[in-house]
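One structure is given here, and the rest of the page talks about it.
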Number of protein chains: 4
Amino acid sequence: MATNQRGKEKEILKAATIVFSDKGFHNANMGEIAQRAGIGKGTIYEYFKNKEDLFFQMVDFNLEHYIASLNDRVQSAVGFDEKFHGFIDFHYELVNRNMKLADFLFKSEQISLKAETKKKVADVLFNARARAVGIIADILRIGQQEGKIRDIDREFTADILINMILGCCGRHATRKQRDEGFALEKEKLMSMIMEGIG
Amino acid sequence: MATNQRGKEKEILKAATIVFSDKGFHNANMGEIAQRAGIGKGTIYEYFKNKEDLFFQMVDFNLEHYIASLNDRVQSAVGFDEKFHGFIDFHYELVNRNMKLADFLFKSEQISLKAETKKKVADVLFNARARAVGIIADILRIGQQEGKIRDIDREFTADILINMILGCCGRHATRKQRDEGFALEKEKLMSMIMEGIG
Amino acid sequence: MATNQRGKEKEILKAATIVFSDKGFHNANMGEIAQRAGIGKGTIYEYFKNKEDLFFQMVDFNLEHYIASLNDRVQSAVGFDEKFHGFIDFHYELVNRNMKLADFLFKSEQISLKAETKKKVADVLFNARARAVGIIADILRIGQQEGKIRDIDREFTADILINMILGCCGRHATRKQRDEGFALEKEKLMSMIMEGIG
Amino acid sequence: MATNQRGKEKEILKAATIVFSDKGFHNANMGEIAQRAGIGKGTIYEYFKNKEDLFFQMVDFNLEHYIASLNDRVQSAVGFDEKFHGFIDFHYELVNRNMKLADFLFKSEQISLKAETKKKVADVLFNARARAVGIIADILRIGQQEGKIRDIDREFTADILINMILGCCGRHATRKQRDEGFALEKEKLMSMIMEGIG
DNA sequence: CATGAATGAGCTTTCATTCAT
DNA sequence: AATGAATGAAAGCTCATTCAT
């Protein structure tokens with residue numbers, strides 16, 4: 001019944017997630033990741049080819065988790081209103097839970113890595129984003145069926161919404177760090193999304 | 001004849017802008033910056049305390065320029081429509097002219113630096129953002145006077161709009177890199193902003 | 001059924017011979033040797049104390065084989081001429097068959113090892129060499145009995161001859177690598193040995 | 001009148017010569033070389049690209065010196081006898097002065113390095129050897145003119161002689177290490193070279 | 001006996017920073 | 001004021017060796 005043969009991969013990925021998002025790629029060091037994972041430095045190299053590979057796998061691991069969780073949340077909601085609010089709440093919660101990680105993940109494309117790794121990271125991000133866009137586009141489709149959303153380009157709108165949400169959550173996080181108020185923000189955001197400014 | 005006293009400072013800042021935005025903070029190296037500025041490595045340290053200080057000054061220098069240019073553009077336009085379009089066009093052009101720099105600047109808060117420098121960079125970014133928000137809020141006020149904008153929280157809306165624009169420009173840049181079409185994007189964006197999705 | 005008890009020892013020695021002569025001591029790695037021997041990495045340590053010990057045993061194993069084969073070849077030949085030619089041919093063939101190994105073996109004294117191992121390797125080489133010298137000295141004695149060799153110090157001459165042969169074979173190998181001609185080399189070598197240059 | 005601007009190259013090469021010939025390429029470490037040269041570790045990298053480059057330059061440096069010295073010695077001698085003895089004496093002295101280095105240099109082709117470096121080292125050795133062969137061939141020509149050497153292939157003979165000398169000197173060195181007698185060796189060697197064994 | 005996952009000492013190399021000139 | 005040769009801390013990575021299974 002032996003299950004965790006070579007089972008340290010997840011431990012390492014979790015440790016890497018913490019250290020990378022805390023220190024950034026270049027300031028993170030393999031020793032600290034190993035220490036935090038409770039293993040020897042060399043063990044990391046049994047599971048990952050090198051630091052860049054570990055970084056890429058770590059981004060992939062977390063994005064995979066993000067999309068899966070987001071999907072669960074939206075699937076379990078019923079109707080446009082619930083689904084849309086669920087979608088937005090999910091992101092606020094995500095940022096509240098781990099501001100640094102969320103911000104770091106979505107900006108990991110910026111980090112200067114070898115061309116090959118850079119492409120892999122970019123692809124994985126692009127993919128995750130595309131899936132998130134798909135999820136909102138689907139919500140919008142339901143909204144249209146329910147007559148709550150006007151006839152818009154769903155894909156494009158979904159894309160814009162992702163930007164708004166992530167940007168808004170980022171701001172939210174920054175304000176939280178600065179202890180500024182941000183009450184009622186979500187309501188205003190919803191109103192702006194639904195009715196525009198005109 | 002005392003004109004270009006400290007003239008080297010600007011040369012260094014320009015060189016730093018190019019190298020940092022191209023390679024990222026940790027992969028940029030002082031030697032290359034010096035070379036590009038046409039001076040000796042040691043000379044940088046006559047003008048800047050260290051690498052982090054140079055980075056901070058460089059971010060400041062560019063954001064200062066960004067705000068000044070944005071302001072010029074909006075001031076020279078007349079009426080809500082012209083000012084608002086000018087505002088959006090300005091950002092699209094910014095990204096088209098130097099995608100890397102724009103992206104880099106607005107995400108420079110991510111870079112892992114010593115706490116002290118990090119705070120200074122964050123402050124400078126926060127400040128620039130606040131000024132940009134002020135500029136849009138002002139545009140919105142004019143829009144309300146002209147009866148083109150409904151009664152909304154101008155500050156909050158301005159904030160959201162910044163996110164949308166920057167996010168949209170970021171996407172625009174990524175698509176450009178990937179050679180995907182993005183025609184008519186601006187029109188759709190405007191329509192969404194003005195009318196919402198409801 | 002107890003036949004290939006310690007049968008793995010030989011497999012390991014053969015694998016070690018290939019890997020060490022191909023990569024050199026410091027670039028060879030235990031993992032590859034184990035793999036090539038078709039066993040687990042840890043198993044090597046059941047048979048050999050450590051990498052240096054394996055190296056020493058491997059040198060010993062191959063020199064033992066070298067001397068035994070050389071002896072067979074010379075014993076099976078009759079008379080000075082046949083024996084002497086046999087001796088020389090044997091070395092040319094040795095180098096042709098496995099240039100790298102031959103070269104590597106005779107220069108293994110160079111490799112930087114711990115003092116203790118170094119001494120053991122040096123002794124084993126010294127010994128093999130002494131036995132080879134003994135074999136030629138014996139051939140020379142027969143040559144003198146047949147009146148074909150003048151009255152020389154057999155031991156000393158044997159020693160010089162070994163140098164000539166090995167050096168010549170080394171050159172032969174290098175030329176072969178460089179695809180240069182080396183025809184008639186053996187004839188000239190024999191003539192020089194027999195008649196000198198005066 | 002500043003002369004030794006960036007003048008540490010030679011110091012480093014000398015330190016590298018000692019350390020590499022003492023420990024071998026793979027056991028030598030950059031720190032010790034720096035220490036022995038009386039400089040900081042990083043300074044080596046101001047003068048040499050990397051460890052392999054340093055090794056190559058060090059081999060080149062010493063072979064260049066070897067050929068130049070050998071040439072001087074032979075040029076300053078008059079007539080076949082003096083030149084030939086000078087040639088042989090030179091090598092005995094070389095080995096007596098620095099046995100390890102001599103042995104190491106001529107076997108440096110063995111060391112496992114990256115293909116590119118390996119080729120460069122091999123070329124430099126090949127070249128030095130060719131020049132040494134040229135020097136002896138020239139001595140032999142003089143011997144023929146003086147009627148002291150019979151009509152032989154000078155190039156080939158020179159090649160064999162190099163092997164004999166180097167091999168003999170190597171043996172000489174080993175015996176010295178082992179404190180065995182080696183008196184009169186040179187005389188016997190000369191006799192064998194001139195008259196052969198027939 | 002046999003294994004291979006785990007380890008950490010030890011290596012090369014980079015580069016911000018200093019300082020004598 | 002300007003320089004760039006010199007420095008050494010710090011980091012990624014390899015691999016012989018161990019030991020629990």
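Just so it is clear: chains get the letters A, B, ... in the order the sequence lines come, proteins before strands, and each one is counted from 1.
- Figure legend. F:dG8 is base-paired to E:dC15; pairs are counted as Watson-Crick or G-U wobble with both atom distances under 3.5 Å.
- Between D:Glu32 and D:Lys23 there is a salt bridge, since a side-chain N of the basic residue sits under 4.0 Å from a carboxylate O of the acidic one.
- Put simply, CD on D:Gln35 is 16 Å from C1' on F:dA6, counting in whole angstrom units.
- The interatomic distance linking A:Tyr45 (OH) with E:dG8 (P) rounds to 15 Å, in whole Å.
- Atom NE2 of A:His26 and atom P of F:dA10 are 19 Å apart (whole Å).
- Looking at which nucleotide of DNA chain E each of B:Asn27 and A:Ile44 is closest to, the 5′-most match is held by A:Ile44.
- Listed nucleotides E:dC11, F:dA2, E:dG10 differ in distance to A:Lys41; the shortest reach to its side chain belongs to E:dG10.
- Using a 4.0 Å heavy-atom distance criterion, B:Phe48 is classed as making no nucleic acid contact.
- Nucleotide E:dA20 is matched to F:dT3 when pairs are restricted to Watson-Crick or G-U wobble geometry with both distances under 3.5 angstrom.
- Contact check, B:Asn50 against E:dA16: no side-chain N or O comes under 4.0 Å of OP1 or OP2.
- OP1 or OP2 of F:dA16 lies within a sub-4.0 Å distance of a side-chain N or O belonging to C:Lys51.
- Distance D:Lys49 NZ to E:dT12 C1': 15 Å, rounded to the nearest Å.
- B:Lys51 forms a cation-pi arrangement with B:Phe25, by the criterion of a distance under 6.0 Å to the ring centre and an angle within 45° of the ring axis.
- Between B:Met30 and B:Tyr45, the closest side-chain pair of non-hydrogen atoms falls below 4.5 Å.
- Atom P of nucleotide E:dA5 and atom CE of C:Met30 are separated by 17 Å, given to the nearest angstrom.
- Going from atom NZ of D:Lys8 over to atom C1' of F:dG4 covers 12 Å, rounded to whole Å.
- Across the interface with DNA chain F, nearest-nucleotide mapping of D:Gly40 and C:Glu46 shows D:Gly40 to be the residue nearer the 5′ end.
- Nearest to the side chain of D:Ile39, among F:dT17, F:dT7, E:dT7, sits F:dT7.
- Nucleotide E:dA6 holds its C1' atom 11 Å from the CD1 atom of A:Ile12, rounded to whole Å.
- Positionally, the nearest nucleotide of DNA chain E for C:Thr43 lies more toward the 5' end than for the other of C:Thr43 and D:Phe25.
- Projected onto DNA chain F by closest heavy-atom contact, A:Glu52 and B:Tyr47 fall at different nucleotides, the more 5' of which corresponds to B:Tyr47.
- Between the CG atom of C:Asn29 and the P atom of E:dG4 there is a distance of 15 Å, rounded to whole Å.
- Within the 4.5 Å cutoff, no side-chain heavy atoms of C:Phe106 are placed close to those of C:Arg129.
- Residue C:Ala28 is in sugar-phosphate contact alone, with no base atom involved, counting any heavy-atom pair closer than 4.0 Å across all strands shown.
- For C:Phe20 and C:Phe104, the distance between ring centers is not under 6.0 angstrom.
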